[in-house]
Amino acid sequence: MPHASNRTPLILYFLAATGILFFAVLIGNQADLDLWGRMAAGALIAQNGKFPYHDVFSYTAPDAVWIDHEWGSGFIFYHVLRAAGGAGLQLLKLLLLLAVLTIVFCNEIIQNTGESDKSEDQRHVRLLLFAVVLILLLPPLIAHSWLTIRCQLFSYLCYALTLLALEAFRLRKRGGRGAIWLLCALYLFWINVHGGFAYGFAAIFFYVVWMLFSGRRRDAVELLLVALACLAVTLINPYGIRFHRHIIWSWALPRENIAEWKTVFVHSGWIFGALYSACLLGWCSLSVYAWSKNRRQFPGAGMMILATGIEGLLHVKMLPLFAITAAMLGPGLADAMQSPPLARALRSKRFADCLRIYFPVLLLLLTIPLCAQQLLAPGPAFTTRAPNQDPQSNMVIYPVDAVQFLQMHDIQGNLWCPFDWGEFLLWTLYPRMRISIDGRYEELYPHEVFDDAYAFYYGEQNLQIALKYPTTHIIIPARMDPLIDKMRELEEWRLIYRDPTALIYARGNGSELMENRKLQPSVALDDLAGDLNRFRSHPD
């Protein structure tokens, strides 16, 4: 086991990181865009006792074959909502993020176990690297998971567990060989909650290469057998081999118009992109330096960090995987340095005490009043909210009052809607209305439908696009003034509702049914749940 003096700073950093995560969950309580659709899928399964192999929510792809690669997540979300409401979803998010953080710290303890021969200099360098990657780990995990709960959180957890097992196996730690075969059980769970299991296979095959170049051919063969066993296990899903074909096909789909699939520079701006690139370049330089000091050792850690880092650079959605990889493999780069020059600058006892004790304690002390303020604020501390209007924020808003208007007047039909609002609308309006597009686009929609929806709202804004389909109603975000001006020119569409967030148009002639509401800034998810039994007896 690590010496007690080495465990103390790790415990302090863990407590500080836990406090930061707890505060982030308390203030980051907006419902995610995809949460609604996943809960709806879970409700269909739970209430009907069978899988919805064909879609029941859209009218642009009626009865299309639906391969839901996140059905398990939706099943969990629905039951958590039914049992504990929006607070339960918040708590689930906290537990998943905390589990990832715990795995990172367990990995660091495993890495330090039995390393009593390390010099004090190397221990200081390793702790400094760990503190740096911990600080780098939290922002991507929090920012990308800022909304209430996402299916990706299960992938972050499973990916971290995969790396933990692989590292225990590589370092020949006690129980490492047994743990590597437990991945089969993990992948049985992973395949049914999220399609990100492919990244776990990429990590396993990379470690196979790592073992081969390290002269451990027997270990490489065993890892390859583990990968094959895990692949066989993934066939245990509701769709069989069709699931794998779907995943391969969906990865090839163009995603240039999906925000989270854009590059860091496009999604988060050039300043953040430059900082991220500098961070990635720094880790690569450190990896090259570590390898130059010990060329006999295959630079596997550096290559893993580089691969996930480039993926995060190209697609902002992958940033958390880079953060987890860097946090679990990055500190090990210090071990490859025989005489780390950085350590000479760390020999000051004052600096060592700051790194080991004062800095993590300061972080912890800062989070305690912040968390207390949120816990003591009026209203429930743990809640899940759907913001209705917030013009000062770039966060997602939902047409809550517009939906309540449609519900109140029992309006039925086919609703043409923006991509971002689709899953919220199908959750709240089913079975009254069907929608045109939503976040499940790669699971069932022809790509032409997504292109039409994008062109209508953000591209050429040709109003005749909506008429290619049996559209009866159109909802438009209130901020889209040019599109609203065009709608005024068409006599066949009449405005039936307007508020500061959304406008609703109905097709055909008839009496005006206008409402102008003063919006509530936010509505709790529990108030939008409605009658959950409405998903029973769907036509499949």
Side-chain angles (χ1 to χ4, degrees), residues 21 24-25 28-42 67-78 80 89-104 137-163 186-187 189-203 234 237 243 246-247 250-251 253 255 258-262 264 267-268 308-309 311-328 384 395-396 419-420 423 438-443:
L21 282 182
V25 169
N29 60 357
Q30 295 188 28
D32 181 70
L33 287 170
D34 293 334
L35 173 64
W36 315 95
R38 298 308 159 194
M39 291 191 304
I67 299 181
D68 186 357
H69 63 275
E70 297 171 343
W71 73 266
S73 296
F75 192 75
I76 294 171
F77 297 160
Y78 168 74
V80 170
L89 293 171
Q90 286 289 90
L91 182 59
L92 177 60
K93 174 188 174 180
L94 176 62
L95 292 176
L96 288 173
L97 290 174
L98 188 57
V100 173
L101 191 66
T102 302
I103 293 167
V104 170
L137 165 68
L138 290 176
L141 272 180
I142 293 171
H144 193 67
S145 309
W146 186 260
L147 307 179
T148 302
I149 184 75
R150 307 196 65 178
C151 305
Q152 287 91 325
L153 288 179
F154 290 109
S155 270
Y156 303 156
L157 173 63
C158 293
Y159 179 76
L161 284 170
T162 298
L163 282 188
L186 177 68
Y187 278 63
F189 171 77
W190 198 351
I191 185 72
N192 288 297
V193 292
H194 191 248
F197 69 94
Y199 286 99
F201 279 110
T234 60
N237 68 79
F243 185 96
H246 167 75
I247 290 294
S250 63
W251 273 97
L253 281 177
R255 302 167 187 263
I258 308 298
E260 63 184 6
W261 286 96
K262 295 181 182 295
V264 169
H267 182 276
S268 305
T308 54
E311 188 68 20
L313 186 68
L314 297 176
H315 307 294
V316 70
K317 181 175 183 167
M318 304 304 171
L319 275 177
L321 295 181
F322 164 67
I324 293 170
T325 304
M328 297 184 71
T384 301
M395 300 297 286
V396 171
F419 176 82
D420 288 349
E423 294 192 54
D438 64 89
R440 304 169 301 145
Y441 76 103
E442 80 277 15
E443 297 172 16

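Counting begins at 1 with the first residue of the sequence.
Side-chain contact check for L91 versus V80: every heavy-atom pair is 4.5 Å or farther apart. Proximity of Y199 to T325: side-chain heavy atoms (C-beta onward) are nowhere separated by under 4.5 Å. Residues F419 and D438 are not in side-chain contact: their nearest non-hydrogen atoms beyond the backbone lie 4.5 Å or more apart.
Within the model, atoms OG of S73 and CG of L35 stand 10.5 Å from one another, a figure rounded to the nearest 0.5 Å. Summarising the geometry, atom CG belonging to L95 is positioned 11.0 Å from atom CG belonging to L153; distances are rounded to the nearest 0.5 Å. Taking CD1 of I103 as the reference point, atom CG of L98 lies at 10.0 Å (rounded to 0.5 Å). To the nearest 0.5 Å, atoms CG (N192) and NE2 (H69) are separated by 12.0 Å. Atom CG of L157 is separated from atom OG1 of T162 by 9.0 Å, given to the nearest 0.5 angstrom. Atom CD1 in I76 sits 13.0 Å away from atom CZ in R38 (nearest 0.5 Å).
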(request) Show your working on side chain to side chain contact (heavy atoms under 4.5 Å, CB included) between F189 and L161 and close with a plain yes or no. (result) CA-CA 12 Å; F189 171 77; L161 284 170; over 6 Å; no

(request) Show the numbers, then the answer: is there a side chain to side chain contact (heavy atoms under 4.5 Å, CB included) between T308 and M318? (result) CA-CA 8 Å; T308 54; M318 304 304 171; over 6 Å; no

(message) Determine whether E70 and D68 satisfy the following criterion, side chain to side chain contact (heavy atoms under 4.5 Å, CB included), listing intermediate values before the conclusion.
(response) CA-CA 5 Å; E70 297 171 343; D68 186 357; 3.9 Å; yes

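Across every non-hydrogen atom of Y156 and K317, the tightest pair is OH-O, 4.0 Å. Looking at every heavy atom in both residues, M328 comes nearest to A160 through CE-O, 3.6 Å. When all heavy atoms of E423 and L33 are compared, the closest pair comes out as CB-O, 3.5 Å. Listed here is the closest heavy atom pair of A203 and L163: CB-CD2, 4.3 Å. Taking all atoms of both residues into account, the shortest heavy-atom contact from G195 to I247 is CA-CD1, 4.2 Å. In terms of heavy atoms, L89 sits closest to F77 at CD2-O, 3.8 Å.
In terms of modelled atom types and a separation under 3.5 Å, the side chain of Q90 and the main chain of V25 share a donor-acceptor contact. Formation of a donor-acceptor pair under 3.5 Å by the Y187 side chain with backbone atoms of G200 is found in this model.
The aromatic rings of F243 and F197 are tilted relative to each other, their planes meeting at an angle between 30° and 60°.
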